[in-house]
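Reviewing the structure listed below.
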Amino acid sequence: MDIAIAADAEATLPALTEAVKRLLTADRKRAFADRGAKLAAAHQKAVEAARVEATYGWDASPISTARLAMELWGQIKNKDWSLVSGGGGWPSRLWAFDKHHQHIGSSGGAGVGYGAPASLGAALANRKYGRLSVSIQNDGDLMYAPGVLWTAAHHKIPLLSVMHNNRAYHQEVMHIQRLANRHQRGIENAGIGTTLVDPNIDYATVARGMGVHAEGPILEAKNLGPAIGRALEVVSKGEPALVDVVTQPR
Amino acid sequence: MMRRVVLAAALMAGALFAQPPNPTNGRKLFTRFGCYQCHQREAQGAAATGPRLGPHPIPFARFTRYVRQPTGQMPPYTIKVVKDAELADIYAFLESLPDPPAVKDIPLLNQ
């Protein structure tokens, strides 16, 4: 028999969790505890390995993505934060995610152009909770619908966008390089249509032109933390802000 | 006798003209050949695209063999695209990279 029931995951999960707990036997509880301990140990080992990996290129210019993620984390970790775009890499390895609203996920198909509008929608949803929305915004992604910056300013949607600006549609660069090498052509032409240079895009000027507080381009790691701090002050007043960070490719 | 003289001259010429690997040129080639696209500009690697290559790279013979005939996602760099001497320069660049600071010395990694 099929029964149609209007339901909501967020509303249902707490009740479902309690129902499952009531049915647990002592044996199952022990098995879960043992499994949990193993997972916790594996997690701790992975975090320690990730920290060591993050040290390589720590002071590099362009700025490493590990450095970007940890400069941002240092300033949001004690707030009620939500990562509304990007961050599949270092944040998932080195940030502490313990609430469902702290990550909205991704486009599902590695889609380019999804990040900027999706992050703004999530920031709008977070606004009524007074929650800090942060986005690690890819440069190629922002090229699809830069008008979201104006929408954020116009509707006063608090969103901190920290740009992972590698000056390319980088995924495409790698694909083309791979194919060019398989054909032994060299990669001299791999940048055609895939890189965002000559001229470099000044995203801070673009954002300011649409009424958004913005700083950048930031090339030196030591300048990143203070710029994020100033942008957070703007966001705490209910407005969007953008920090353009020129980064390593990945 | 004549053959020996020719051989000796060839060896001397080799000794005279062979350049030691050049890490500065290696860094340039690392960019030109697109190594940085997956392995990053300081060869620090990235989880999703390519492993760290330096400092302390794998032995040169293994390095060369892998570049010429890689497995997985990495494309092959044949001798038609990258010469042996250029690979030696890239390897010298990887060897020249400094060790990073320790985790304990980076407050942002201890929060």
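A, B, ... follow the sequence lines: proteins, then strands. Residue 1 opens every chain. From a predicted model like this one, the values you see are computed outputs, not experimental measurements.
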Just how far is it from atom CD of A:Gln177 to atom CZ of B:Phe33, taken to the nearest 0.5 Å? 11.0 Å

Do you know which of A:Glu71, A:Arg178, A:His170 has the most heavy-atom pairs with chain B at a distance under 4.5 angstrom? A:Arg178

Backbone N/O of A:Tyr56 and side chain of B:Glu42: donor-acceptor pair under 3.5 Å: no

A:Arg250 CZ to B:Gln37 CD distance, which is reported to the nearest 0.5 Å: 10.5 Å

Taking every non-hydrogen pair under 4.5 Å, which of B:Arg41, B:Gln44, B:Gln40 racks up the most with chain A? B:Gln40

Hey, which of B:Thr49, B:Val81, B:Leu109 has the most heavy atom pairs under 4.5 Å with chain A? B:Leu109

From NE2 (B:His39) to CD (A:Gln248), nearest 0.5 Å: 13.5 Å

So does B:Tyr66 have more than 12 non-hydrogen atoms from other groups sitting under 6.0 Å from OH? yes

Closest heavy-atom pair and its distance - A:Arg51, B:Gln111: NH2-O, 4.5 Å

Once rounded to the nearest 0.5 Å, what's the spacing between atom OH of B:Tyr36 and atom CG of A:Asn166? 9.0 Å

Heavy-atom distances under 4.5 Å only: say whether B:Ile106 touches chain A with side chain, backbone, both or neither. side chain

Is any side-chain heavy atom of A:Met174 closer than 4.5 Å to a side-chain heavy atom of B:Gln73? no

Is it the case that over 12 heavy atoms from other parts of the model lie below 6.0 angstrom from the NZ atom of A:Lys79? no

Quick one, A:Glu53 with B:Arg52, criterion side-chain contact (heavy atoms from CB on, under 4.5 Å). Give me CA distance, side-chain angles, the key distance, then yes/no. CA-CA 9 Å; A:Glu53 275 185 51; B:Arg52 179 168 62 79; 5.9 Å; no

Can you name the nearest heavy-atom pair linking B:Thr78 to A:Gln184, along with the distance? OG1-OE1, 2.8 Å

Give a yes or no on whether B:Asn110 atom CG has more than 12 heavy-atom contacts from other residues, nucleotides or ligands under 6.0 Å away. yes

